Enquirer: 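Can you read through this structure? Questions will come right after.
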Amino acid sequence: MKYLCLVYLDQEHWSACPDNMCAAYGQRLADSGRLLAAEPLHPVETATTVRVRNGQTALYDGPFAETKEQLAGFYLVDANDLNEAIHIASGIPPARYGSVEVRPVRSLAIDQTGEPA
């Protein structure tokens, strides 16, 4: 089953974990066949939020919500169950400075023609 491990850090700890530590952990996960994708994100100041209401598109600088911790990156992993996904998440280096949210990925329900089921 796929799980998305969302890494959150506050501004004070944004650069606390060196990229090479995250890359090394990602490589270990890849070598074990459990890593599907992983990427760090640029700081929240570079974000643009898009909203569409009544057919009108509106753009906003920054994230959708004001929070202390900000989304810093993600690891998409293949795990047998939630317990294994949590074990993987606990090894993500930035977990020592912030938090990692673990969420199961659901499949879109579509029929054989590609239409919603």
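Just so you know, these numbers come straight off a predicted model, no measurement behind them.
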Enquirer: Does the side chain of Tyr60 reach to within under 4.5 Å of the side chain of Thr48, using non-hydrogen atoms?
Expert: no

Enquirer: Locate the shortest heavy-atom distance separating Glu69 from Ser99; write the atom from each residue and the value.
Expert: OE1-OG, 2.8 Å

Enquirer: List the atom of Ala85, the atom of Cys5, and the distance in Å for their closest heavy-atom pair.
Expert: O-SG, 4.4 Å

Enquirer: Is the shortest side-chain heavy-atom distance between Val50 and Thr57 below 4.5 Å?
Expert: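 Yes, their side chains come closer than 4.5 Å.
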
Enquirer: Using a 4.5 Å cut-off on heavy atoms from C-beta on, say whether the side chain of Met21 contacts that of Arg96.
Expert: yes

Enquirer: How would you list, by chain and number, every residue that makes a side chain to side chain contact (heavy atoms under 4.5 Å, CB included) with Pro40, sequence neighbours excluded?
Expert: none

Enquirer: Side-chain contact test, heavy atoms from C-beta onward, threshold under 4.5 Å: evaluate it for Pro94 versus Val100 and give yes or no.
Expert: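 Of all side-chain heavy-atom pairs linking Val100 with Pro94, none is under 4.5 Å.
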
Enquirer: What's the separation between atom OH in Tyr75 and atom CD in Glu39, rounded to the nearest 0.5 Å?
Expert: 10.0 Å

Enquirer: Once rounded to the nearest 0.5 Å, what's the spacing between atom CH2 of Trp14 and atom NE2 of His42?
Expert: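 Reported to 0.5 Å precision, the distance equals 10.0 Å.
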
Enquirer: State whether the side chain of Asp81 and the backbone N or O of Asn83 hold a donor-acceptor pair below 3.5 Å, judged by distance alone.
Expert: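 Confirmed, Asp81 side chain pairs with Asn83 backbone.
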
Enquirer: Do you know which two heavy atoms are closest between Leu9 and Gly98, and how far apart they sit?
Expert: CD2-N, 3.7 Å

Enquirer: Which residues pass the side chain to side chain contact (heavy atoms under 4.5 Å, CB included) test with Ile86, not counting sequence neighbours?
Expert: Leu82

Enquirer: By side-chain hydrogen bond (donor to acceptor under 3.5 Å, both in side chains), which residues pair with His13, not counting sequence neighbours?
Expert: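 Only Asp10 meet the side-chain hydrogen bond (donor to acceptor under 3.5 Å, both in side chains) criterion with His13.
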
Enquirer: Just so I know, are the side chains of Glu101 and Tyr8 near enough to count as touching, which here means a heavy-atom distance under 4.5 Å?
Expert: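 The answer is yes; the side chains approach within 4.5 Å.
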
Enquirer: Where do Val7 and Phe74 land on the side-chain contact (heavy atoms from CB on, under 4.5 Å) test, with the steps shown first?
Expert: CA-CA 6 Å; Val7 178; Phe74 70 91; over 6 Å; no

Enquirer: Return yes when atom CG of Asp31 has more than 12 non-hydrogen atoms of other residues, nucleotides or ligands closer than 6.0 Å, and no otherwise.
Expert: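 Counting other residues, nucleotides and ligands, CG of Asp31 exceeds 12 neighbours.
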
Enquirer: Distance check, rounded to the nearest 0.5 Å: Asn80 atom CG versus Ile88 atom CD1?
Expert: 8.5 Å

Enquirer: Between Ala95 and Ala89, what is the shortest heavy-atom contact and its length?
Expert: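 Heavy-atom minimum between the residues: CB-O, 4.0 Å.
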
Enquirer: Who are the side-chain hydrogen bond (donor to acceptor under 3.5 Å, both in side chains) partners of Ser15, not counting sequence neighbours?
Expert: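 Testing Ser15 for side-chain hydrogen bond (donor to acceptor under 3.5 Å, both in side chains), a comparison that skips the adjacent residues, returns none.
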
Enquirer: For Ser32, give me all partners under side-chain hydrogen bond (donor to acceptor under 3.5 Å, both in side chains), at least two apart in sequence or on another chain.
Expert: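 For Ser32 the side-chain hydrogen bond (donor to acceptor under 3.5 Å, both in side chains) partners, ignoring immediate neighbours, are Arg34.
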
Enquirer: Just do the side-chain contact (heavy atoms from CB on, under 4.5 Å) check on Val77 and Leu36 with the steps written out, would you?
Expert: CA-CA 5 Å; Val77 300; Leu36 302 174; 6.0 Å; no

Enquirer: Looking only at heavy atoms, which two atoms of Gly26 and Leu35 are closest? And how far apart?
Expert: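 Looking at all heavy atoms of both residues, the closest pair is O-CD2, 3.2 Å.
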
Enquirer: What residues form a side chain to side chain contact (heavy atoms under 4.5 Å, CB included) with Met1, not counting sequence neighbours?
Expert: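 Scan of Met1 (side chain to side chain contact (heavy atoms under 4.5 Å, CB included), adjacent residues dropped) gives Tyr3, Pro104.
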
Enquirer: With heavy-atom distances below 4.5 Å as the criterion, would you say the side chains of Thr49 and Leu59 are in contact?
Expert: no

Enquirer: Same cluster or not: Leu6 versus Leu41, using hydrophobic residues (I, L, V, M, F, W, Y) connected whenever any side-chain heavy atoms lie under 4.5 Å apart?
Expert: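 Both belong to a single hydrophobic cluster.
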
Enquirer: I need the minimum non-hydrogen distance between Pro93 and Tyr25, along with the two atoms involved.
Expert: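 Closest heavy-atom pair between Pro93 and Tyr25: CD-CB, 3.8 Å.
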
